[in-house]
Each structure stands twice: as structure tokens, then as C-alpha cells.
Amino acid sequence: MEPDRGEEQLAENLRQRLRIMEPDKDEQQEELIKTFRHRLKEKISVGPVLNHLYFISHEDKERILQKLKTEGDASAANQLIDVVLKKPHPEGWFRAFVDALIHGDSKYAAMVLEGSPKPEEEEENDYCVALVRLLAPSLVQMKTADVCCECFSLGLLGQDDNDKVLAEIDTQGPGRGAGELLRRIVRRPPGWFSTFLQVLKKTEHYPLLRELTGDPHWCEQQGETGALIDHETIFLHTFGIFNSSNSDVAISSTVCECGLLTWMQLLFRLADLSYSEAAAEAPRSPEKTEIVLRDYQMEVARPALEGKNIIICLPTGSGKTRAAVYITKKHLDSRREAGSPGKVVVLVNKIPLVEQHYSTEFLPYLKQTYRVERVSGDSQLKISFAKTVQKNDIIICTAQILENYLERAENGEDEGVKMSDLTLIIIDECHHTQKGGVYNHIMMRYLMQKHKNLRLKKEQKKTVPLPQILGLTASPGVGGANTVAKAVEHIMRICANLDASEIMTRSQEEDRKQQRKTILTVENKAEDPFGDVIKTIMNAIHNEAKLSPICDLGSQNYEQWAVQKERQAAKEEDKTVRVCAEFLRRYNEGLILSNTIRMSDALSYLNKFHEEQIKKKTSVDGEQNIQITDTERFLFKLFKELETFSKNPKYENDSLSKLREQILREFSSRGQARGIIFTKTRHSAITLSQWIQENPKFADVEVKPSHVIGGGDQSDTKPMTAAEQKDVLKKFRAGEVNLLVATTVAEEGLDIPACNFVIRYGLSTNEIAMIQAKGRGRADDSSYTVVDVKNSGVAERECVNEYREEMMGKAINKIKGQSREAYQKQMMEFQLQAIMEERMRQVKRKQKAIKDEKPSHVKFSCRNCAKPVCSGEDIQIIENMHRVNVTTQFKELFIQRENATLQERLLDYETNAVIACKDCGQPWGSVMVYRGMDFPCLHVKNFVVNINGKKISNCTKWSDLPIRFTAFDYIEHASMMAQGSDEEMG
């Protein structure tokens with residue numbers, strides 16, 4: 001952005017007045033900050049600056065840091081400026097603010113307030129920023145780690161900048177890291193551009209240098225000192241104003257007529273891109289302009305084109321999203337023609353779907369006419385969502401983001417988003433619009449306003465405009481119904497929640513061949529010594545703990561029984577039963593795995609658990625005596641009996657044999673086989689992929705496997721990042737991988753190319769998942785195979801799901817056959833019921849908030865040995881998220897143990913160790929490094945909680961507890977720590 005001359009003159013006058021007046025004349029200093037507010041927002045690094053601002057309260061700092069975490073630097077900087085301008089001012093506040101900018105890695109912002117750089121330098125700097133933004137699609141392809149290292153060594157990045165960029169590279173990949181690096185270097189004082197060119201030269205990024213300078217011989221023109229050619233020359237080269245065939249400068253007549261400055265300004269107005277837009281340009285989809293729908297797509301889209309709320313229900317891979325893109329374009333076109341521009345939000349329930357819908361559907365078809373942007377928790381740059389909505393025509397985002405900003409607007413906060421700001425909401429996988437899901441929260445706001453509008457209309461008052469709603473799904477399901485009538489009610493409730501005037505379907509049976517379906521049942525092993533040994537061990541543990549299970553070993557019911565026993569024993573402080581129940585749960589999982597994967601993999605799983613238990617009983621320095629009970633010695637000794645039988649192939653389970661035969665059959669009988677195996681757990685997905693890779697029979701028929709698993713942290717198995725998922729799917733699309741082994745993450749939504757076979761291995765959930773999994777096999781002559789696994793009940797559930805799928809079809813037809821009056825009446829009834837239920841929930845939430853227990857009434861004890869640990873009064877909360885105990889008494893109760901798997905870099909903190917009970921070794925939480933200091937961070941699942949004498953052992957997250965902990969005061973704690981250090985030195 002070019003600086004405003006009037007703004008510059010006003011600012012210079014203010015500076016002159018400040019120089020001749022007393023330094024604490026607040027009004028003039030405030031006016032100077034306000035004048036340059038927009039520029040300061042872009043140049044302040046909020047985190048480092050906050051560390052040097054003494055006159056801002058702890059509460060304000062926490063609010064600013066929260067804003068930084070959720071919305072990024074620009075929004076946080078804006079809030080920081082608001083706080084700095086808040087009256088009354090302490091003495092010397094302006095000088096303190098400038099000093100904080102200088103020491104907080106925001107020197108350019110300080111220079112703006114102190115009268116430098118000169119206007120012409122700022123103008124040139126703005127052009128450099130715009131050039132980097134314009135060429136960001138190429139720049140994000142850099143070797144980010146190398147460039148970051150050089151930028152840091154040359155002072156172009158500060159320590160905080162360097163750490164943040166490296167963290168982004170580690171967690172999100174080099175492309176995201178490059179975007180973070182570019183965003184940070186453009187905040188530097190003028191002169192950064194020349195240094196950046198030198199960095200690119202030193203790291204041998206010659207193609208990028210040529211793009212930035214526009215001169216193919218740039219590197220040859222640099223002298224030994226590395227002096228750069230002037231920026232005007234760079235700009236002229238970049239935009240082809242130089243005559244490349246002549247070494248002399250040949251400026252076009254257009255430039256001569258309008259002047260170089262004006263010409264450059266025109267160019268950079270075209271380059272007014274956000275970094276989030278620019279950084280995403282690199283993997284750009286081919287440009288597409290014409291949207292062509294098939295007849296059945298046009299048929300289901302027609303009511304939406306008339307402005308009606310509808311649900312489009314089409315099988316996976318049949319073009320629901322393409323129809324949504326078409327509806328979006330026609331909606332925006334008609335709004336534009338009517339002189340009232342539209343605003344479309346596309347909601348998804350998984351982060352990878354944001355990028356998928358953006359890059360493969362909405363952007364390629366609509367970017368020529370409309371501004372398209374995407375926002376998610378994985379977004380490259382955190383800018384205000386409200387600003388993104390204002391700036392763009394189409395926004396693709398995760399539903400929770402929209403819900404957060406709708407709530408802000410409802411609470412009267414700045415930068416919220418109102419439902420009335422939007423003209424069309426598209427809800428992907430809309431069958432989730434039920435119960436307590438985020439889709440339902442959003443639609444509940446819609447329904448409440450809709451019914452309020454009905455009242456306003458009767459009163460002849462102005463109503464609030466509401467957006468059109470478009471739902472997309474492959475299957476609404478039947479919600480566990482066992483009759484068609486119940487299925488009708490389930491689907492009607494979803495229609496009511498989405499305010500859908502009708503549900504649009506189309507059978508594609510005439511357009512595609514019937515999918516072949518096979519169910520492969522398994523026989524019990526004639527011999528299963530490995531499983532027999534596990535069962536023998538489990539029975540020995542039953543005797544030791546005097547337990548009598550009533551369900552089969554190796555079943556899901558047994559696992560639920562073991563979990564309940566562990567919780568009950570923890571509550572009753574029965575150490576023997578608690579630790580035995582935990583071991584039984586793991587052995588049961590090993591038994592299930594031995595029926596699913598290789599025995600050696602099942603043993604590996606159990607061995608890892610055994611090693612973790614042994615490690616718990618070992619202190620880091622060997623000095624600490626950690627208690628090992630007789631029960632634990634008994635359990636450790638039992639494990640050694642397992643290793644004997646796991647390596648004999650004749651004991652392999654029948655399910656694995658059936659799976660091997662089916663894979664070989666598919667790859668041997670097809671010219672180009674491409675398939676997916678769905679399995680239940682992350683561990684089984686990874687180990688099955690390894691099994692296929694290690695088996696030479698699969699290599700003979702050119703099977704190239706890889707696995708895709710989820711990104712959450714609910715499992716013991718390390719999750720997959722969105723970037724890793726994307727990389728595997730890219731290889732699958734390109735043919736480098738032709739067999740995916742996936743958990744249910746691949747069933748719904750993800751853009752996976754058409755497969756010619758799908759195998760569900762020991763996995764059967766509900767009819768929706770079955771329909772979506774079958775839909776992955778979209779190629780002609782595709783097959784769908786279910787491989788049963790011992791004790792899984794998969795074959796039986798698959799039959800039930802087929803029945804429910806048929807029932808769902810009948811229910812939809814029955815709904816479509818209703819009269820308009822009957823349909824509307826039932827819709828109104830369900831909507832009013834949903835609104836009343838929501839109001840009751842709100843009342844209960846308020847009552848619950850009032851009944852929050854006092855922290856002093858809450859006690860925590862070790863889950864394993866029942867040792868009293870602390871009171872709720874000892875616990876403080878950081879960033880409204882992390883519960884820490886910094887008391888000296890607590891420090892004496894735990895040991896610290898390094899754990900590389902915990903090394904996780906976040907915004908202002910990282911975790912790199914665990915804390916455990918000094919007596920029994922039970923993990924209690926992790927060591928959290930926050931703003932340069934270590935804090936023990938507690939995980940509630942590791943404790944038994946006692947509230948006014950009532951023990952609770954099933955808390956898995958802190959939000960389960962009705963307690964409001966004291967906010968952590970960093971400044972107070974830091975002062976106490978510093979005072980303690982001074983006393984020790986003295």
C-alpha cells in the first residue's frame with residue numbers, strides 16, 4: 001500500500017510539535033499513534049513486544065495473546081494499540097511503547113513513530129512488499145530451512161521469528177514455513193529487500209532471483225561485494241519494461257507518458273494480495289471457466305437455483321460439490337445483477353476438506369469472476385475471519401470458525417459475523433446437522449431468527465434477512481431406526497434442522513454398473529497358541545485380582561468392562577484391581593489385534609506397552625526409589641511367556657489369509673488395480689501397510705501400498721498431519737501408490753480418485769459409513785468386499801446396514817411423496833421442538849455456571865497409588881487452556897522424565913518432558929515451557945478427583961469439571977522467581 005502524502009505531512013507536523021513540547025503530552029502522542037495505526041498493525045510482532053510492555057495489565061496481555069493465537073498478528077496488534085491508547089496513561093507511556101517496539105523485534109514500527117524512514121523510503125519499501133506478495137506463489141517453493149538460517153544469521157529474522165518459522169516447517173511443512181517467513185521479513189525496516197536477495201543468492205535460488213529482479217543475468221551483475229542494482233531497475237525488469245534483447249534500458253512509451261511512479265502504483269494495486277492467498281497460489285489447479293452439469297445434477301440443483309433451501313442427496317463421487325459450485329455461481333450472478341452482492345460460506349467438518357474444496361472445485365471455476373478464500377485451523381496466516389468475509393465473495397471454512405464469529409456478533413464483540421451478512425450457506429456432509437454438532441448450533445441460530453421473523457412480520461416490523469441454505473450428503477442415514485416410520489422421523493428432523501423445503505435425490509443405477517459385493521467369513525484357527533497364551537495370562541490376572549468377567553475375551557464388550565473396572569478401582573483406591581484392569585485392557589487389545597494383523601505386530605504392540613510400564617518404574621537419575629508393588633512384579637513376569645509363539649507363520653489368523661488372497665486376486669485380474677482397505681484402528685492401518693510392503697508376493701503383482709490415518713490425538717498411535725495426508729493422496733492420484741490402507745478418515749469427504757475395489761477389513765459401523773465406503777469404488781466393474789474378523793460381528797452388521805440402506809431409500813421416497821402441507825406442518829413441529837430444547841439447554845448451562853464449585857472444595861489424588869496431590873486452589877490456568885501447579889509443595893511430589901514424542905511446538909510454549917508420581921511412576925502430565933519458564937502442566941485423566949467428598953474417576957478432559965480455576969499471573973510469578981534467584985545469589 002502506498003503512503004498517503006497528507007497522512008505523512010500530518011504525522012511530520014505532530015512529530016515536530018512533540019519534539020518541542022514536554023515528552024508526556026498525551027494527546028499529541030495519541031494522535032501520532034492513531035495516524036499511523038494502519039501501518040503499525042502491519043509491522044508489530046505482538047508476542048515479543050508484549051514481553052517488554054510493563055504498563056499493560058496481565059488480563060489485557062492474556063486477551064491480546066488469545067487474539068494472537070486465534071486470529072494472528074494484525075488483529076492482535078490492533079487490540080494492543082487499543083490497550084496502549086486506553087486512558088489514563090502512566091508517566092512515560094509513549095517512550096515505553098517505542099522502546100518495547102525496538103526491543104520487541106518491531107524496529108520498523110518504532111521508526112514510523114520516531115519520524116524515520118523518509119516518505120520516499122517508505123514508498124519504495126511498500127513496492128518491495130507488494131512485489132514479494134505478487135511473487136509469493138513462486139517464493140513459497142524455496143528451500144525454507146536454508147533461507148531461514150541465512151535470514152537469521154544476517155539479522156533479517158530475530159530469534160522469535162526464527163523459532164516460529166522453524167516450528168511452522170516442522171508442523172506444517174516447508175510451504176507453510178515459507179509463508180510465515182515472508183510475512184515476517186516484510187515487517188523489517190527498509191533495506192530488508194536487498195538483504196533478502198543476497199540470502200536467495202547465497203542459498204542458490206537463482207530462478208527466484210530472476211523472478212524478483214526480472215533480469216536473467218542478475219547474478220552475473222553483482223560485484224564481489226554483493227552490491228545490488230537499484231530497486232527501480234528490479235521493478236522494470238520484473239514487469240518486462242526492460243527490453244530483454246538489449247542491455248540498455250528501453251522504457252515503453254506507456255511508462256514515459258504516465259511516469260514510472262504512477263506505472264508502478266498501477267501494477268502494485270493489481271498485486272494487492274494477502275499472503276494467505278499468495279502462498280496458496282503455488283499448487284494451483286488448472287483454470288476452468290465453464291461449469292457443465294449432467295442432467296441429473298441439474299435436476300437436483302433446480303430448486304436451489306430458484307432460491308429454495310434444499311438438501312442434495314447423491315452417492316459419493318456423483319458430483320454434489322460440482323452442483324454446489326454451479327449453484328454458487330448462479331446465486332452470486334443473480335445478486336450482482338440485482339445490485340445487491342452476495343456472500344457465500346461453504347462449511348465443512350474436516351480441515352483437509354477446506355483445501356480440497358478450495359483448490360479443486362470453487363477456485364478453478366469461480367476465480368475469474370469472484371474472490372474465493374479458505375480459512376481453517378490449518379490456514380497459513382491467521383487473519384481476522386470477519387475481515388476475510390468482508391473482503392471475499394466465497395469463503396470455505398470449517399464450521400467451528402463460523403460458529404465462533406457468529407457468537408462474537410451475538411455477544412456484541414468487534415469483528416463478529418452476523419447471519420444476515422451471508423446470502424448462501426452450503427453445508428457439506430449435512431447429515432451431521434443433528435444433536436449437539438456444530439452444524440446444528442449454526443442452524444439453531446438460523447431457526448431462532450426465522451421464527452422471530454415470523455413474529456416481526458405479523459407485527460409489521462422489519463425482519464432480519466437470512467441466507468439460503470444448501471445441504472450436501474451422500475446419505476442422511478436412519479439414526480438407528482428399525483422401522484420405516486422411525487427412519488422417516490430421523491430424516492425429517494435433519495430436513496427441519498436445515499430448513500430444507502425438499503430433499504433432492506437421483507438414482508444413478510442406469511448410469512453405472514452394479515457393484516459386485518462379497519462377504520468373506522473366517523474360520524476359527526485350528527491352533528492359536530499365541531491367543532491361548534494371552535488368554536492364559538488374562539485368566540491368571542483375573543485370579544490375582546479376583547475378577548469374574550461375563551463377556552468373551554478379545555471382544556469390544558470385554559474392553560468396556562475393563563475400562564469400567566479400572567475407573568471403579570481408581571475411585572475405591574484399590575491399587576491391585578486398577579493396575580490389573582489396565583493390563584487386561586491392553587491384553588484384550590492385543591488379542592483383538594492378533595485376529596486382525598500378524599502375531600508379531602500384536603506382540604510388538606504389547607511389548608511397547610510393557611516397556612512403557614517398566615520405564616514408569618525407572619527414575620531418570622537412578623536415585624529415586626519408585627515403588628513396585630507385588631501385583632506389578634507379577635504382571636511383568638507374566639509378559640515373558642508371550643514371545644515364544646509369535647514368529648510361527650502357521651499360526652497366522654484366517655482373516656489375514658483371506659485379505660491376502662483378495663488383494664492378490666484384485667491385482668492379478670485387473671489391468672490397473674487401484675483400491676482402498678478400510679480398517680478399524682490407526683495401529684492396524686500402519687501395520688497392515690507394513691505387512692503388504694514386506695511381503696514379496698504383493699511386489700510381484702506391483703502392489704504399492706501406503707496408509708492414511710486421522711489427525712486427532714485421541715489414540716496412542718501418532719496421528720497424521722493434514723500435509724502428510726495430502727501427500728499420500730497426491731501419490732495415490734498420480735499412481736505412485738495404488739493401495740491405500742485407511743481408517744474411517746477416508747470414508748467421508750476426502751477427494752480420493754475412483755477406485756475399482758474397496759475392502760472393509762474387520763470394520764463395520766453404520767449404514768452411512770457403508771454407503772460412503774462403497775462409493776469410493778466408483779470405477780466401472782468395481783468390487784466391494786467385506787472381510788470378517790473373529791469376534792468382530794462384521795458380517796452380521798453388514799447385513800443390518802444393507803437393510804437400513806434399503807429402509808432409508810423407502811423413507812426418502814415416503815417423504816418426497818408427502819403433500820406440501822403435511823411436510824411443512826411436520827417441519828414446523830420439529831423446528832419448534834428443537835428451539836424449545838435449545839432454550840432449555842441454555843437455561844441449564846447458565847444454572848450450571850452458577851453452581852461452579854469453589855477450587856478449595858476440589859482435591860486431586862494420584863490415579864495409581866491414591867496419594868493426595870493437590871487442591872484446586874493450587875491449580876492455575878494459562879491461556880484459558882492449560883492447568884499448571886507452580887507451588888513448591890507440588891514440586892516435591894513428582895519426577896521429570898524426558899519424552900521425545902511430546903516435543904510439540906505451539907504458539908508461546910512447547911512440551912518436551914513428562915511429570916510422574918515420585919512414589920509409583922504414574923504419569924501426571926507434561927513439562928510446559930511457557931515464555932522461557934518451565935511449568936508442570938496437569939492432565940486430569942491421570943487423577944481421581946474428589947469434589948466435596950464425591951470421587952470422580954472418569955474425567956478425560958478439564959471441561960468435565962464444574963470448576964473455575966484462577967488465571968495464571970505470569971508477571972507475579974516471574975517476579976517471585978527473580979526474587980528467589982537474587983536471594984540465592986546473595
Side-chain angles (χ1 to χ4, degrees), residues 524-570 574-618 627-656 680-681 683-684 687 716-717 762 789-792 863-865 920-922:
N524 287 334
K525 301 176 188 177
E527 292 181 85
D528 183 14
F530 183 71
D532 291 341
V533 171
I534 292 180
K535 289 176 182 176
T536 301
I537 291 172
M538 291 173 77
N539 286 323
I541 297 173
H542 294 154
N543 293 332
E544 172 74 11
K546 297 180 174 57
L547 294 171
S548 303
I550 56 173
C551 35
D552 293 336
L553 278 60
S555 66
Q556 292 300 318
N557 288 339
Y558 184 93
E559 179 175 354
Q560 292 167 11
W561 171 84
V563 168
Q564 287 301 115
K565 284 295 178 185
E566 190 276 337
R567 288 176 176 173
Q568 184 180 343
D574 189 331
K575 302 174 190 176
T576 297
V577 172
R578 199 210 73 79
V579 71
C580 284
E582 176 62 19
F583 271 73
L584 285 170
R585 187 174 71 84
R586 297 297 185 143
Y587 278 119
N588 188 68
E589 180 66 20
L591 197 54
I592 293 172
L593 287 173
S594 73
N595 292 325
T596 309
I597 56 180
R598 292 175 294 186
M599 285 181 287
S600 57
D601 295 322
L603 176 64
S604 175
Y605 167 82
L606 290 173
N607 191 52
K608 182 182 177 183
F609 169 70
H610 182 256
E611 288 173 354
E612 287 171 354
Q613 300 309 304
I614 294 291
K615 191 175 180 181
K616 281 184 188 177
K617 301 299 177 181
T618 310
Q627 175 188 359
I628 302 178
T629 65
D630 291 341
T631 302
E632 288 166 336
R633 287 193 181 90
F634 165 77
L635 293 168
F636 294 156
K637 185 178 177 182
L638 282 177
F639 179 81
K640 294 181 180 178
E641 299 179 29
L642 263 179
E643 300 180 0
T644 315
F645 301 100
S646 64
K647 297 176 183 176
N648 192 333
K650 82 173 189 174
Y651 300 133
E652 186 180 87
N653 66 71
D654 189 41
S655 299
L656 209 55
K680 186 176 180 182
T681 66
H683 186 78
S684 61
T687 51
D716 294 331
T717 306
V789 168
K790 183 182 177 184
N791 291 334
S792 69
R863 189 177 193 90
N864 186 55
C865 68
C920 71
Q922 166 72 23

Novice: Set out, in order, the CA-CA distance, both residues' side-chain angles and the distance that settles side chain to side chain contact (heavy atoms under 4.5 Å, CB included) for R633 and D630, then state yes or no.
Specialist: CA-CA 5 Å; R633 287 193 181 90; D630 291 341; 3.5 Å; yes
Novice: Give me the atom names and distance for the closest heavy-atom approach of T631 to E544.
Specialist: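 Closest heavy-atom pair between T631 and E544: OG1-OE2, 3.9 Å.
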Novice: Ion pair present between K535 and D532, side-chain N to carboxylate O less than 4.0 angstrom?
Specialist: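 Salt bridge: no.
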Novice: Holding to side chain to side chain donor-acceptor pair (under 3.5 Å), I want the full list of residues that pass it with D574, two or more places apart in sequence or in another chain.
Specialist: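 Scan of D574 (side chain to side chain donor-acceptor pair (under 3.5 Å), adjacent residues dropped) gives none.
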Novice: Just by distance, no angles: are the side chains of T681 and S684 close enough, under 3.5 Å, to form a donor-acceptor pair?
Specialist: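 Judged by distance alone, the side chains do pair up.
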Novice: Taking all non-hydrogen atoms of both residues, which atom of P549 and which atom of H542 are closest, and how far apart?
Specialist: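 In terms of heavy atoms, the two residues are closest at CG-CE1, 3.5 Å.
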Novice: Of all the heavy-atom pairs spanning V577 and A545, show the shortest one and how long it is.
Specialist: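 Heavy atoms only, the tightest pair is CG2-O, 3.9 Å.
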Novice: Can you say whether the rings of F583 and F609 are parallel (under 30°), tilted (30 to 60°) or perpendicular (over 60°)?
Specialist: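 The rings of F583 and F609 stand perpendicular, inter-plane angle above 60°.
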Novice: Assess whether side chain to side chain contact (heavy atoms under 4.5 Å, CB included) is satisfied between L635 and I541, documenting all intermediate values.
Specialist: CA-CA 8 Å; L635 293 168; I541 297 173; 3.6 Å; yes
Novice: When you check the gap from the basic side-chain N to the acidic O, do E582 and R585 get nearer than 4.0 Å?
Specialist: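 Yes, this pair counts.
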Novice: Does Q556 reach the side chain of I592, with side-chain heavy atoms less than 4.5 Å apart?
Specialist: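 A side-chain contact exists here, since the closest heavy-atom pair is under 4.5 Å.
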Novice: Tell me the closest heavy-atom pair linking C551 and W561, and the distance in Å.
Specialist: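 Heavy atoms of C551 and W561 come nearest at SG-CB, 4.1 Å.
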Novice: Are side-chain N/O atoms of H610 and N607 paired as donor and acceptor at under 3.5 Å?
Specialist: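 No, because no side-chain N or O of H610 sits under 3.5 Å from a partner of the opposite role on N607.
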Novice: For a side chain to side chain contact (heavy atoms under 4.5 Å, CB included) check, start with the C-alpha distance between V533 and I537, then their side-chain angles and the critical distance, and finish with the verdict.
Specialist: CA-CA 6 Å; V533 171; I537 291 172; 4.0 Å; yes
Novice: Taking all heavy atoms of I534 and all of Y587, pick out the closest pair and write down the distance.
Specialist: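 The pair with the smallest heavy-atom distance is CG2-O, 3.7 Å.
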Novice: Do L547 and L584 have side chains that approach each other closer than 4.5 Å (heavy atoms only, starting at C-beta)?
Specialist: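 Touching, per the 4.5 Å side-chain cut-off.
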Novice: Please report the closest heavy-atom contact between K575 and C865, naming both atoms and the distance.
Specialist: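 Reported closest heavy-atom pair: CE-O, 3.2 Å.
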Novice: T596 vs H683, test: side chain to side chain contact (heavy atoms under 4.5 Å, CB included). Steps then yes/no.
Specialist: CA-CA 11 Å; T596 309; H683 186 78; over 6 Å; no
Novice: Where the side chain of N588 meets the backbone of G554, is there a donor-acceptor pair that is under 3.5 Å apart?
Specialist: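 Side chain of N588 to backbone of G554, a donor-acceptor pair under 3.5 Å: yes, one is there.
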Novice: Check whether any side-chain heavy atom of R863 sits under 4.5 Å from a side-chain heavy atom of R567, and report yes or no.
Specialist: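 Side chain of R863 against side chain of R567, heavy atoms only: contact under 4.5 Å found.
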